[in-house]
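In what follows, every heavy atom counts, from backbone to side chain, and hydrogens, waters and symmetry copies are set aside. A note on names: the letters A, B, ... follow the listed sequences, proteins ahead of strands, and every chain is numbered from 1.
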Number of protein chains: 2
Amino acid sequence: MKLHPQEIEARFRRHAVRVTRQRTAIYAALAETTSHPSADDLYQMVKRQQPMMSRNTVYYTLSVLRDAGLVREVNVGHDMARYDGNVSMHHHLICLGCGQIMDVMDDDLNRLQLSSGQARGFDVLGHRVEFHGYCVSCRQARRDVPSRRG
Amino acid sequence: MKLHPQEIEARFRRHAVRVTRQRTAIYAALAETTSHPSADDLYQMVKRQQPMMSRNTVYYTLSVLRDAGLVREVNVGHDMARYDGNVSMHHHLICLGCGQIMDVMDDDLNRLQLSSGQARGFDVLGHRVEFHGYCVSCRQARRDVPSRRG
DNA sequence: CCCTAGTCAGGAATGATTCCTACATAGCAT
DNA sequence: ATGCTATGTAGGAATCATTCCTGACTAGGG
């Protein structure tokens, strides 16, 4: 979703995050897409508008936004971290072929709980559900070339 | 669970995995613990019995066992991969303080499904549920030293 | 308009994992 | 049992996402 710069600035101030050109651009790029980009993806996107942008700044900014609760870090496998501008409670559907991540909004999944016996004294703060499979185009590709990983 | 070497060998042969001293030791170490060790943890454990063991062999062996379905890779955050000798369907309860991973066996969680509308044409093969929180001792530690992350 | 804590850029460092390669060995066939 | 060959192993180098360091810059309160 495309956001007005002043809306981004308002969110930053609400979360006590200093407003800078770099941060605004990074957050805008993330809010505009639903593709859950990696830090480097964001770096590439933002560098087009701001060639001086450092990869380091992207990492630093994402950590600031993450700690402020403006951004969510999504980890899939042991690949690089990917980021999600949607911080409302939701879960993910992940393609094992191309790695794309789709959002799943489902109240039943949001309400999952452990019984007290299963919780083993943990103070459970949240949970995450990931569904894994193959998207339409990767299913097609796999039919064409059945591989050893099949 | 402590396994007899011949049981390990039988499992390997059943899954078309060549039997070697190194693999037997790595798999035995993993089967013996419920602590979901990392590749390097396993390297440290096994090196006591086999000082020539290479860290590389541990990585290679884990990839072989993973592909054979004898071992499961568990990824938490963007930390190093951790391994689970329990390949039956189950989920995890993870401490955000110390990183310990406990197994959760629950048929209701095992049966979770997406509606066809939510699945968006994906061929969904499986899912994973992680509960996050603080274990008893980390809750205690956090009460003692309330931090900015609190 | 000034000050200063918080940011930024860029290069170096880290650390898990993978790659490369020469030597060793499991396990099949003889 | 013996030899053969595809596979596995050791260890060092390479990779690559991420973090650390440091000196220059700037947002935003006073």
Sugar-phosphate only, base, or nothing, as touched by A:Val64 at under 4.0 Å among non-hydrogen atoms: nothing

Gap between atom CE of A:Met89 and atom CG of A:Asp107 - 0.5 Å precision: 9.5 Å

Minimum-distance nucleotide (side-chain atoms of B:Ala81 versus C:dG27, C:dC19, C:dT17): C:dT17

Interatomic distance, A:Arg82 CZ vs D:dA17 P [rounded to whole Å]: 13 Å

Touch class at under 4.0 angstrom, heavy-atom based, for B:Arg21 against every strand present: nothing

D:dT9 phosphate, OP1 or OP2, under 4.0 Å from B:Arg55 side-chain N/O: no

First encountered from the 5' end of DNA chain C, between B:Met80 and B:Thr20: B:Met80

Donor + acceptor pair across side chains of A:Asn110, A:His90 (<3.5 Å): no

Test item: A:Arg120 side-chain N/O and A:Gln118 main-chain N/O as donor-acceptor pair under 3.5 Å: yes

Spacing of A:Met53 atom CE relative to C:dT7 atom P, expressed in whole Å: 14 Å

Short side-chain N/O contact to C:dA9 OP1/OP2 from A:Gln22, under 4.0 Å: yes

Atom-to-atom span, OH of A:Tyr83 to P of D:dA17 - whole angstrom: 13 Å

B:Asn75 CG - C:dA16 P separation (whole Å): 14 Å

Euclidean distance, atom CG of residue B:Asp41 to atom P of C:dA16 [Å, nearest integer]: 10 Å

Donor on one side chain, acceptor on other, B:His36 and B:Asp103, under 3.5 Å: yes

Phosphate OP1/OP2 of D:dG8: any B:Thr61 side-chain N/O under 4.0 Å: no

Distance test, side-chain N/O of A:Tyr59 to OP1/OP2 of D:dT18, below 4.0 Å: yes

Atom-pair distance (OH on A:Tyr43; C1' on D:dC16), nearest Å: 15 Å

Position toward the 5' end of DNA chain C (nearest nucleotide), B:Arg18 or B:Asp40: B:Asp40

Phosphate-side-chain proximity, A:Thr57 and C:dA9, N/O vs OP1/OP2 below 4.0 Å: yes

For atom OH of A:Tyr60 and atom C1' of C:dA9, their distance in whole Å: 13 Å

Nearest-neighbour nucleotide for the A:Asn56 side chain, D:dG8, C:dG10, C:dC8 considered: C:dG10

Residue pair B:Ile26 / B:Met53, side-chain heavy-atom distance below 4.5 Å: yes

Toward the 5' end of DNA chain D, by each residue's nearest nucleotide, B:Met52 or B:Arg23: B:Arg23

Nucleotide D:dT19, atom P - distance to CG of A:Asp67 in whole Å: 11 Å

